[in-house]
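Step one of this worksheet: look at the structure below.
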Amino acid sequence: MTDPANIILLCLFCLAGSFIQRVTGFGFGIFVMTIFPFLLPSYGEATALSGLLAGTNSILIVLQKWKFIVWRMFLPLLITFMVASAICIFYLTRIEEHSIRQILGLVLFFASFYFLFFNKKIHLKPTLPTQISMGTLSGVMGGLFAMQGPPAVLYFLASCPNKDVYIACMQAYLFSGNVMMTVVRGYNGFLTPAVGLAYGFGILFVLLGNFIGGKVFNRISNKVLRRCVYIYLSVSGLVVFNI
């Protein structure tokens, strides 16, 4: 991470990824993981860096929106996520990732397309079966690819009454999950000096992207937010499919 070109790429992707997450509530990992594996010595270190930076971005939003968090809406989902993601991190080096990415990419694309045009007919309630299923899928995606957001996004968008509750619950969920995954990644040797150096370069641009994204988020309506999220989900599905 001493190559100036790599540092510039890292900073630009951190800025854009942070902006995307602040506006839509997710997407930092999906965006930056298109480049991080090429900048870090190993794929595991790339996921560790993504989780650290995404977690930092999330806690900033949580501190701003703390009063809107409804913990009962996602505690079972969070617990399920932690179990599933920990298992996947331990088996990260044993899994052929490309074929799984393609499957996940297609699922993301078609799910977002369906939700974009039929979201008024979808009413996911914070029931235990819903939370367990979404938490498991989110855990698999988070543990393997540092992309735990999409399943949780679909759940929170359909069950939260307004955009402030949505963004608060979503970021509390992402921050909690990233803290746990960082601990597990550290145990597995993925927190290295290269990750720390890259974090030092990227954090200022994460803060900047968060600030700019917050201004945009405050100006958009619930309807526009939903459309932005579903469109970005479909785009991210195609990106994941082609990585």
Side-chain angles (χ1 to χ4, degrees), residues 14 17-18 20-22 24-33 36 43-66 68-92 95 100 104 108 124 126 128 130-160 165-188 190-191 195 199 203 206 210 229 232-233 236 240:
C14 285
S18 178
I20 290 169
Q21 180 168 326
R22 183 61 182 89
T24 66
F26 80 110
F28 183 89
I30 294 172
F31 185 78
V32 301
M33 284 300 287
F36 278 11
Y43 183 81
E45 288 168 287
T47 62
L49 177 61
S50 175
L52 282 172
L53 291 170
T56 302
N57 199 30
S58 292
I59 192 59
L60 295 174
I61 305 171
V62 168
L63 293 175
Q64 297 168 14
K65 300 289 185 178
W66 180 264
F68 293 104
I69 298 175
V70 184
W71 291 98
R72 67 176 183 274
M73 291 186 66
F74 65 93
L75 279 180
L77 181 141
L78 179 61
I79 293 171
T80 307
F81 162 81
M82 289 183 172
V83 174
S85 61
I87 294 172
C88 288
I89 291 172
F90 277 106
Y91 284 93
L92 182 61
I95 298 176
I100 299 178
L104 290 176
L108 281 179
L124 292 179
L128 188 59
T130 300
Q131 292 184 348
I132 290 177
S133 59
M134 291 294 101
T136 300
L137 182 56
S138 181
V140 171
M141 293 184 65
L144 294 180
F145 313 118
M147 301 175 186
Q148 66 267 37
V153 164
L154 297 178
Y155 166 74
F156 284 121
L157 268 183
S159 58
C160 291
V165 175
Y166 160 73
I167 200 73
C169 290
M170 186 68 199
Q171 298 313 304
Y173 169 78
L174 290 178
F175 173 72
S176 301
N178 274 313
V179 168
M180 185 280 303
M181 287 193 295
T182 296
V183 172
V184 178
R185 285 169 180 147
Y187 178 82
N188 282 272
F190 295 140
L191 292 180
V195 172
Y199 180 87
I203 186 59
V206 166
N210 183 286
V229 169
Y232 185 66
L233 268 176
S236 64
V240 172

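The basis for the numbers below is simple: all heavy atoms, side chains too, and nothing from hydrogens, waters or symmetry mates. Source: prediction; values computed, not measured.
- Looking only at side-chain heavy atoms (C-beta outward), Lys65 and Tyr166 stay at 4.5 Å or farther from each other.
- Between the side chains of Tyr155 and Ser138, not a single donor N or O lies within less than 3.5 Å of an accepting N or O.
- In plain terms, the two heavy atoms of Phe74 and Ala172 that are nearest each other are CZ-CB, 3.8 Å.
- Annotation for Met180 and Ser85: closest pair CE-OG, 2.8 Å, computed over non-hydrogen atoms.
- In terms of heavy atoms, Cys14 sits closest to Phe28 at O-CE1, 3.8 Å.
- Considering only residues two or more places apart in sequence or on other chains, Asn57 meets the side chain to side chain donor-acceptor pair (under 3.5 Å) condition with Ser18, Asn210.
- The shortest distance between side-chain heavy atoms of Phe81 and Met181 falls below 4.5 Å.
- Residues Leu52 and Leu191 meet the side-chain proximity criterion, which asks for heavy atoms closer than 4.5 Å.
- Minimum heavy-atom separation, Ala84 to Gly139: CB-CA, 3.9 Å.
- Closest approach of Ala54 to Gln21, counting heavy atoms only: O-NE2, 3.6 Å.
- Distance CG/Leu49 to CZ/Arg185: 10.0 Å, rounded to 0.5 Å.
- Counting only heavy atoms from C-beta outward, the side chains of Arg22 and Ile167 approach each other to under 4.5 Å.
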